[in-house]
2 protein chains.
Amino acid sequence: MVSRRCEYGIRASILIARESLKGNRINLRLISDKIGSPLGYTTKILQSLSNEGILLSRRGPKGGFEIAPEAMETINFHGIIMALDGGQIYSSCGLGLSECSEDHPCPIHEHFNLVRADLNAMVKKANLLQLAHGLINGKTFLNTSKKNTLIKDKKV
Amino acid sequence: MVSRRCEYGIRASILIARESLKGNRINLRLISDKIGSPLGYTTKILQSLSNEGILLSRRGPKGGFEIAPEAMETINFHGIIMALDGGQIYSSCGLGLSECSEDHPCPIHEHFNLVRADLNAMVKKANLLQLAHGLINGKTFLNTSKKNTLIKDKKV
DNA sequence: TCTATTTAGGACAAAAAAGTCTTTTATTAT
DNA sequence: ATAATAAAAGACTTTTTTGTCCTAAATAGA
Ligand code: SF4
Ligand code: SF4
């Protein structure tokens with residue numbers, strides 16, 4: 001549904017948001033460790049998010065990444081996906097049926113529109129403040145298994 | 001959402017179904033032409049679908065691909081996706097948040113469940129008979145632009 | 001039987017995505 | 001100032017996905 005790049009970006013953002021709410025800045029090593037992503041790859045993803053203004057970064061000792069608490073309500077999945085994958089998910093049909101248009105719809109257009117509407121609603125509804133709070137309250141978890149091992153194991 | 005491989009497979013299946021309803025067998029060259037997919041790649045996708053019993057193939061002159069009309073109601077997107085991409089779409093979280101479990105959900109689990117439910121409903125509801133009929137009636141279209149040019153152009 | 005046609009199958013190549021490594025720049029504390 | 005720390009940036013490699021090409025096997029029709 002989204003690229004791995006984007007998956008890491010989402011997980012990292014939620015983690016950084018949580019730490020920022022607790023007043024901490026968190027560095028690359030810790031992030032890649034906690035979310036189970038390759039360090040050298042993560043650095044670029046976080047750079048992209050910084051460049052897009054989603055994260056704040058600070059070099060040097062005591063440096064790391066953070067998110068301004070007042071911005072957290074504005075930053076949602078949609079923004080992160082746009083920053084990392086670019087709008088393809090939205091502009092292209094998820095089923096690859098070439099062209100979208102209301103007066104020339106492909107055979108499954110109606111069905112697919114429902115899914116797309118839900119997806120759009122979700123990515124815009126899910127903001128970082130909410131997600132980070134969920135983590136802090138303990139109601140929800142940010143599972144940090146390395147490299148999706150659990151999911152891959154299922155296949156074997 | 002699905003791989004390109006799967007996109008081609010879906011488009012091809014709908015086309016073959018339509019032709020089969022009209023009593024025609026359709027060959028590789030025509031298929032790849034109509035759906036705008038590379039011929040040599042398409043051959044393998046159709047082979048996979050044949051091996052999974054989704055398509056019937058016939059070699060030699062007047063050969064080609066077809067789908068038994070009585071099977072069309074049984075063949076849905078779910079089956080095609082499983083045959084070509086394998087169940088990853090279902091087993092892994094579309095947002096890559098590692099682990100799925102009802103008692104240890106990740107922060108956006110509830111939101112995502114809605115999308116997933118819709119998606120599941122769609123891929124199972126969309127069967128080939130229905131889709132092929134849509135094409136024949138002229139109510140819906142199977143857009144055959146080559147290599148998703150329209151979508152890619154939007155980015156430029 | 002012979003030839004033309006069409007799928008099957010496998011080896012190979014190119015492109016894209018994911019991941020690694022090394023050097024540079026900024027920041028903090030001594 | 002200097003040393004240590006951490007992000008920025010870019011070159012490079014590996015893996016996966018996508019795509020190409022060539023040969024073999026099956027089938028229909030002359
Ligand atoms: S018309 Fe609908 S189903 Fe068809 S390609 Fe466009 S969005 Fe997808
Ligand atoms: S708990 Fe829900 S949102 Fe989280 S990884 Fe699993 S399916 Fe995805």
Side-chain angles (χ1 to χ4, degrees), chain A residues 1-12 16 19 24-33 35-67 81 84-86 88-89 92 96 146-148 152 155, chain B residues 1-12 16 19 24-33 35-67 81 84-86 88-89 92 96 146-148 152 155:
Chain A
M1 188 162 288
V2 298
S3 68
R4 197 169 293 185
R5 177 183 163 76
C6 206
E7 297 183 2
Y8 294 151
I10 290 173
R11 290 201 242 168
I16 295 165
E19 290 305 313
N24 303 327
R25 197 174 288 134
I26 181 170
N27 71 29
L28 178 62
R29 215 166 323 175
L30 266 167
I31 293 168
S32 91
D33 220 62
I35 70 172
S37 65
L39 189 128
Y41 195 34
T42 312
T43 201
K44 305 197 171 167
I45 296 167
L46 297 182
Q47 271 170 45
S48 297
L49 291 174
S50 294
N51 291 338
E52 296 294 324
I54 290 169
L55 306 177
L56 299 172
S57 69
R58 179 90 151 258
R59 300 189 197 186
K62 300 274 175 187
F65 296 87
E66 63 187 304
I67 297 175
I81 291 170
L84 295 176
D85 279 356
Q88 302 132 310
I89 314 162
S92 76
K146 298 225 169 176
K147 309 211 172 197
N148 299 326
K152 284 193 176 166
K155 287 172 59 184
Chain B
M1 189 163 288
V2 298
S3 68
R4 196 169 294 186
R5 176 183 164 76
C6 205
E7 297 183 2
Y8 294 150
I10 289 173
R11 290 201 242 170
I16 296 165
E19 290 304 313
N24 304 326
R25 199 174 287 133
I26 180 169
N27 71 31
L28 178 63
R29 213 167 326 175
L30 266 167
I31 294 168
S32 91
D33 220 63
I35 69 173
S37 66
L39 189 128
Y41 195 35
T42 312
T43 200
K44 306 202 169 164
I45 294 167
L46 297 182
Q47 271 171 47
S48 298
L49 291 174
S50 294
N51 291 338
E52 295 294 324
I54 289 168
L55 306 177
L56 300 172
S57 69
R58 179 92 148 256
R59 300 187 196 187
K62 299 276 174 186
F65 296 87
E66 63 187 304
I67 297 175
I81 291 169
L84 296 176
D85 280 356
Q88 302 133 310
I89 314 162
S92 76
K146 299 225 168 176
K147 310 211 174 199
N148 298 327
K152 283 192 176 166
K155 287 171 59 187

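Side chains are part of it too, since the values below use all heavy atoms of this structure and drop only hydrogens, waters and symmetry mates.
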> Between dA25(D), dA9(D), dG19(D), which nucleotide has the shortest distance from any of its atoms to the side chain of Tyr41(B)?
Replying inline: dG19(D)

> Taking CD from Gln47(B) and P from dA24(D), how many angstroms apart are they, rounded to a whole number?
Replying inline: 16 Å

> Between dT18(D), dA8(C), dA6(D), which nucleotide gets closest to the side-chain atoms of Ser50(B)?
Replying inline: dA8(C)

>> Measure CG/Leu28(B) against C1'/dA26(D) and give the value in whole Å, please.
In response: 16 Å

> Can you list the steps and then say if Ser48(A) with Leu84(A) is a side-chain contact (heavy atoms from CB on, under 4.5 Å)?
Replying inline: CA-CA 7 Å; Ser48(A) 297; Leu84(A) 295 176; 3.8 Å; yes

>> Nearest whole Å is fine: how far is dA4(D) P from Arg58(A) CZ?
In response: 22 Å

>> Of the options dT20(D), dA8(C), dA8(D), whose atoms approach the side-chain atoms of Phe65(A) most closely?
In response: dA8(D)

>> If I take atom CZ in residue Arg59(A) and atom P in nucleotide dT25(C), what distance separates them, rounded to the nearest angstrom?
In response: 9 Å

> Which of the following nucleotides, dA11(C), dA8(C), dA8(D), is nearest to the side chain of Ser57(A)?
Replying inline: dA8(D)

> How many Å lie between CG on Asp33(B) and P on dT6(C), as a whole number?
Replying inline: 14 Å

> Does Asp85(B) reach the main-chain N or O of Val2(B) with its side chain, forming a donor-acceptor pair under 3.5 Å?
Replying inline: no

> Pick the nucleotide of DNA chain D nearest each of Lys62(A) and Asn51(A); which residue has the one closer to the 5' end?
Replying inline: Lys62(A)

> What are the two closest heavy atoms between Ser57(B) and Ser50(B), and how far apart are they?
Replying inline: CB-OG, 3.9 Å

>> In whole Å, I'd like the distance from the CG atom of Asn27(A) to the P atom of dT28(C).
In response: 15 Å

>> Check whether Asn24(A) reaches the backbone of Ile26(A) with its side chain - one donor and one acceptor, N or O, closer than 3.5 Å.
In response: no

> Which nucleotide in the set dA28(D), dA6(D), dA18(C) lies at the smallest distance from any side-chain heavy atom of Pro61(B)?
Replying inline: dA28(D)

> Does OP1 or OP2 of dG19(C) have a side-chain N or O of Arg4(A) closer than 4.0 Å?
Replying inline: yes

> Is a donor-acceptor pair below 3.5 Å formed from side chain Lys44(B) to base dT18(D), judging by atom type as modelled?
Replying inline: no

> Separation of Ile31(A) atom CD1 from dA8(D) atom P, in whole Å?
Replying inline: 10 Å

> How many Å lie between CD on Gln88(B) and C1' on dT17(D), as a whole number?
Replying inline: 12 Å

> If each of Thr43(A) and Gly63(A) is mapped to the nucleotide of DNA chain C with the nearest heavy atom, which maps nearer the 5' terminus, i.e. the 5' end?
Replying inline: Thr43(A)

>> How close do Ile35(B) and Tyr8(B) get, counting heavy atoms only, and between which atoms?
In response: CD1-O, 3.6 Å

> Taking only N and O in the side chain of Arg25(B), is any of them less than 4.0 Å away from OP1 or OP2 of dT7(C)?
Replying inline: no

